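Residue numbers begin at 1 in each chain, while the letters A, B, ... track the order of the sequences. Note that the coordinates shown come from a computational prediction; the quantities given were computed from them, not determined experimentally.
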There are 4 protein chains.
Amino acid sequence: MQLGIVGLGKMGGNMRTRLREAGHEVFGFDRDASLTDVADLPELVSRLDAPRAVWVMVPAGDPTRDTVHALGELLSEGDVVIDGGNSRFTDDAEHAEHLAGKGVGYIDAGVSGGVWGRENGYALMVGGAKGDVDKLMPIFDALKPPGEYGFVHAGGVGAGHYAKMVHNGIEYGLMQAYAEGYELLRASEYVDDVPAVFKSWREGTVVRSWLLDLMDRALDEDPNLDKLAGYATDSGEGRWTVEESIRLAVPLNAITASLYARFASRQDDSDAMKAIAALRNQFGGHAVKPEK
Amino acid sequence: MQLGIVGLGKMGGNMRTRLREAGHEVFGFDRDASLTDVADLPELVSRLDAPRAVWVMVPAGDPTRDTVHALGELLSEGDVVIDGGNSRFTDDAEHAEHLAGKGVGYIDAGVSGGVWGRENGYALMVGGAKGDVDKLMPIFDALKPPGEYGFVHAGGVGAGHYAKMVHNGIEYGLMQAYAEGYELLRASEYVDDVPAVFKSWREGTVVRSWLLDLMDRALDEDPNLDKLAGYATDSGEGRWTVEESIRLAVPLNAITASLYARFASRQDDSDAMKAIAALRNQFGGHAVKPEK
Amino acid sequence: MQLGIVGLGKMGGNMRTRLREAGHEVFGFDRDASLTDVADLPELVSRLDAPRAVWVMVPAGDPTRDTVHALGELLSEGDVVIDGGNSRFTDDAEHAEHLAGKGVGYIDAGVSGGVWGRENGYALMVGGAKGDVDKLMPIFDALKPPGEYGFVHAGGVGAGHYAKMVHNGIEYGLMQAYAEGYELLRASEYVDDVPAVFKSWREGTVVRSWLLDLMDRALDEDPNLDKLAGYATDSGEGRWTVEESIRLAVPLNAITASLYARFASRQDDSDAMKAIAALRNQFGGHAVKPEK
Amino acid sequence: MQLGIVGLGKMGGNMRTRLREAGHEVFGFDRDASLTDVADLPELVSRLDAPRAVWVMVPAGDPTRDTVHALGELLSEGDVVIDGGNSRFTDDAEHAEHLAGKGVGYIDAGVSGGVWGRENGYALMVGGAKGDVDKLMPIFDALKPPGEYGFVHAGGVGAGHYAKMVHNGIEYGLMQAYAEGYELLRASEYVDDVPAVFKSWREGTVVRSWLLDLMDRALDEDPNLDKLAGYATDSGEGRWTVEESIRLAVPLNAITASLYARFASRQDDSDAMKAIAALRNQFGGHAVKPEK
């Protein structure tokens, strides 16, 4: 079938490739002239036969909102917009409502797979009306991995991004678990060859996983991770997961600890620990370490 | 080659089977007459040709210590004892030293794989002298999974159990991450079909793993986990991991939170939260919930 | 000076009393006819000489918003509204802007002291323009405790509620620390008389505090806290504190753990721990506890 | 009454002074000739009339063990040794048993008060037999603060150090709560004068405490804590508290997070966070920060 894609960065560009390889007719728009197939959004829309489907793959927040609104002006009743970006799930109802006023359908799609997706397929979690999702199934089938898993219609509008958000929250916890175990093994005098231990875990253990495979790959490239600083950024989904734990009163101790570990990794010096040092000095006369 | 196994429970019995299927000559001893091949330890030892190897697969602590000591009386210079149980890594040096006095070698083997090991193979993390490990390689090769992973000689005596302990600590964190995500999805009004979301994650996502496959399997059997109480026990390895974090000053926030979540799951009522309720009542006149 | 108070509940009513005892002329309005001094807001405003000051002490959210808007219709240039309720700090800018359009000033006041405030004074953290705060100083002086502490002009609009929010976040952490220590002492076989230990800590220790005094008082009344369930509610400030930690990327491990402990205390059974039990059963054949 | 003190450092020396000011006859021994009253332990013991009492105030572990054993050789039936140092509670039973063989009593005393104790008194938590404790009451009365609190006979041998250990665990949590609140206030754009907020909290608030007074004092001396690094050491009691949480299966989320925050504060770079960075780079092609 035909699909328009807006945004041809690392993700959008690879998805265009995968879809074309599956035989779909894809028109992509990007502000970068070296990537784009069409000059602008009106041309993109004009290339598609009704009913049209346009996949938005631009940064969350204003860029996605602006694109959705611009498409709302160009599309017609029966068309569908899919937001495949990393939007907060709360944006989806707003986008859907905006487009519904023009008879345009809306699907939110959480997409996982990173740089490996083009080859292995992208896991898709989608939210929206059944009718809209059904229309897009040929596209979803081409994007998803070949097996029986990797796609879910999780619920109404917002459910796709919600499921993706929780996926990422879990991912934070999984990564932190491996990372903490790695640090403990490195700190201990008992184990000589930490990379060999991780490598061995890839078969037969309870902790085997794709992330473990990647950890092994990273250690093959740099056995002591000497080339990396202990500095980790975070994207929106981890923070939104914790915000949801607050809204819904669900204790997420491990996931939140994982997010906080990233925050702490980015601090050169911590005001909190300065306060601890100050208090210990006050009551116990404990020596403190002067600021460099 | 020949091997004696002491302890033919769920793990030891299945390992005997797997080893025999690989062509090894295995004699097993268990106090349970319906399981044992021999009448007692002396008979077990007498059946083996020197140099002998005896695999101990009994509960950690006193049972393992008693067995190691009893074998020390029966074995001869050049023989090797392997402790494949869940011993604390600190027991290994003691056992090795005891046997070394009699010229008997010692290997500690952390074993992962649970009820799936007999068919898929057992992941093995071993510690000990290279000479001892080399002698046992035919056994390790038969027990381990068929691929290139699943076995590591992690270091000297104690390294095997140490690596297994950290493996289990990581396992606690991985399980908690999935569990927290599950609870959040269940609590939210956005996602209709939580089991379908977990199932979809089995391909193409960052969170795919063997534990996720098992989670999907559990949800297939009981989609709302209605048959289970939210009650989780723990074995020694998780606790030892946290003890090691204290000894080595390594912050393990996520893993420790995972262990504490299990502790809390076993409390009907918490003294700590009674104290919180008491304090709130004292300063704010906040209503409290009376004890049932 | 004169002051109008809207809302004469536990807090507002006691504040009226304390202000009158200090010689101020206070008119209070409450929907409860047994508490109110005036029939309605217009009468309240009419009783005050310009420039007027009206203290709003109603629940946060819509009730406060509605009251602020109603007062905006009745007050005149040079008057001041003080929101002394537990509003989220983000509401303050909105209220201030609304009133500024009518030339009416706005102060947000975080108030601490609970049921003890009428006698001991209320700690006040206020935000707003210096001119507005200066006008209200006689009122603040009468409400605050008699010593040199207990009042701060923390910054512009919103700073008062922000400081109070952090105060409450800290309070969560302090309470949890005592509560955890209490539970550990109760669980241990070493200490015979846990209430006596807490009582002794009231002098000379590093942990002495007003909360500790209250803990001792609670244990005097109920030495084993038998009358209370381990069930703790939470109000908005703790949650907002964690939300701010996310917005500002500040790791708040202890405070967040304290909030999550309250969430967990309110669960009869936890979906997360059901998932842990399910996973353990899947991979290890571990016995599980069936749902009651 | 008479008392021998072994160890005249910051704590022991001040205690000697406080006891003498209360009219007791105190003989102190220290290896430092400028501090000691006597040449050696035999002389110390010879100066005391039977039944004798000797207070040991030396570092925990071997120094305390060696001193207890040396005193065991010198003292006689009916004498009492008090260990006022920071020993692990598990050492106490061993010391008591050793001395009991010679008819010498043993008391363990947890001592709080730091550099402020000489003037304000030392809070004492003691464990031991009632008869031994009764003999020492004149000494305890002179050391403790003047009010009705500050002393507890918490239980049998070990109870004093146990109560002190939990006191310190709570102290970790309290300090962390203030520290986290401090960091959040510093990070926020809402509050202009963070030290003024802390100062105001000293009266009328729920968070008022001696630690808060010290925090205010520290901020008076250095309003931005510019002179301090965010680096905090820890002593044994915090670690032992967490170890006890493991032994007794008591979840101590806030206290453990406080200890881990100190561990993290001492890391220049974290292996765990290197692993996180490595994983993010592997699956998402996320840019990483190279090691400096």
Side-chain angles (χ1 to χ4, degrees), chain A residues 89 112-114 120-123 125 144-145 147 149-152 154-155 158-159 162-163 166-167 169-171 173-174 176-178 180-181 183-185 187-188 190-193 196-197 199-211 241 244-245 248 250 252-255 257-258 261, chain B residues 89 112-114 120-123 125 144-145 147 149-152 154-155 158-159 162-163 166-167 169-171 173-174 176-178 180-181 183-185 187-188 190-193 196-197 199-211 241 244-245 248 250 252-255 257-258 261:
Chain A
F89 64 96
S112 183
N120 300 344
Y122 297 92
M125 297 141 253
K144 72 179 280 292
Y149 311 117
F151 173 83
V152 66
Y162 200 95
V166 176
H167 166 280
I170 291 171
E171 174 191 315
L174 301 181
Q176 186 68 20
Y178 289 116
E180 291 181 2
E183 181 164 325
L184 189 63
L185 281 176
S188 168
Y190 281 89
V191 168
D192 295 334
D193 188 346
V197 170
K199 185 178 289 294
S200 81
W201 287 344
R202 293 183 63 175
E203 280 298 330
T205 68
V206 177
V207 303
R208 63 190 191 260
S209 71
W210 188 61
L211 278 168
T241 302
E244 276 295 279
S245 84
L248 297 169
V250 171
L252 298 186
N253 287 290
I255 290 174
S258 307
Chain B
F89 63 96
S112 184
N120 300 345
Y122 297 92
M125 298 142 250
K144 73 180 280 293
Y149 311 117
F151 174 83
V152 66
Y162 200 96
V166 176
H167 165 280
I170 291 172
E171 176 191 312
L174 301 181
Q176 185 69 18
Y178 289 116
E180 291 181 1
E183 181 163 325
L184 189 62
L185 281 175
S188 169
Y190 281 89
V191 168
D192 296 334
D193 189 345
V197 169
K199 187 179 287 295
S200 81
W201 287 344
R202 293 183 62 176
E203 281 297 329
T205 67
V206 176
V207 303
R208 64 190 190 260
S209 71
W210 188 61
L211 279 167
T241 303
E244 276 294 281
S245 85
L248 297 170
V250 171
L252 298 186
N253 288 289
I255 289 174
S258 307

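- Between chain B and the options Gly204(A), Gly181(A), Gly158(A), Gly147(A), heavy-atom pairs under 4.5 Å are most frequent for Gly204(A).
- With chain A as partner, the option from Leu185(B), Val152(B), Leu211(B), Val197(B) having the largest number of non-hydrogen pairs under 4.5 angstrom is Val152(B).
- Of the inter-residue distances, the one linking Ile255(A) atom CD1 with Leu184(B) atom CG reads 7.5 Å to the nearest 0.5 angstrom.
- Comparing Ala177(B), Gly155(B), Ser209(B), Ser200(B) by how many heavy-atom pairs each has under 4.5 Å with chain A, the most go to Ser200(B).
- Chain A forms the most heavy-atom pairs under 4.5 Å with one residue out of Pro145(B), Ala154(B), Gly113(B), and that residue is Ala154(B).
- Proximity to chain B (any heavy atom under 4.5 Å) is restricted, for Phe151(A), to the backbone atoms N, CA, C and O.
- Heavy-atom pairs under 4.5 Å with chain B peak, among Gly121(A), Ala261(A), Ala159(A), Gly173(A), at Ala159(A).
- Considering only heavy-atom pairs separated by less than 4.5 Å from chain A, the leading option among Leu248(B), Asn120(B), Val191(B), Thr205(B) is Thr205(B).
- Glu180(B) contributes a side-chain N or O that, together with a main-chain N or O of Asn253(A), makes up a donor-acceptor pair within less than 3.5 Å.
- Contact count against chain A (heavy-atom pairs under 4.5 Å) is highest for Ser112(B) among Ala257(B), Ala196(B), Ser112(B).
- In plain terms, the two heavy atoms of Arg208(A) and Trp201(A) that are nearest each other are CB-O, 3.6 Å.
- With a 4.5 angstrom heavy-atom cutoff, Ala187(A) touches chain B via backbone and side-chain atoms both.
- Between Val207(B) and Tyr178(B), the closest heavy-atom pair is O-OH, 2.6 Å.
- Most heavy-atom pairs under 4.5 Å with chain A, from the set Lys144(B), Glu171(B), His167(B), Gln176(B): that is His167(B).
- The aromatic rings of Phe89(A) and Tyr162(A) lie perpendicular to each other, with more than 60° between the two planes, well past the 30° mark.
- If you measure heavy-atom distances from Ser258(A) to chain B, the contacts under 4.5 Å come from the side chain alone.
- Judged as a salt bridge (Lys or Arg N to Asp or Glu O under 4.0 Å), and not counting sequence neighbours, the contacts of Arg202(A) are Asp213(A), Asp216(A).
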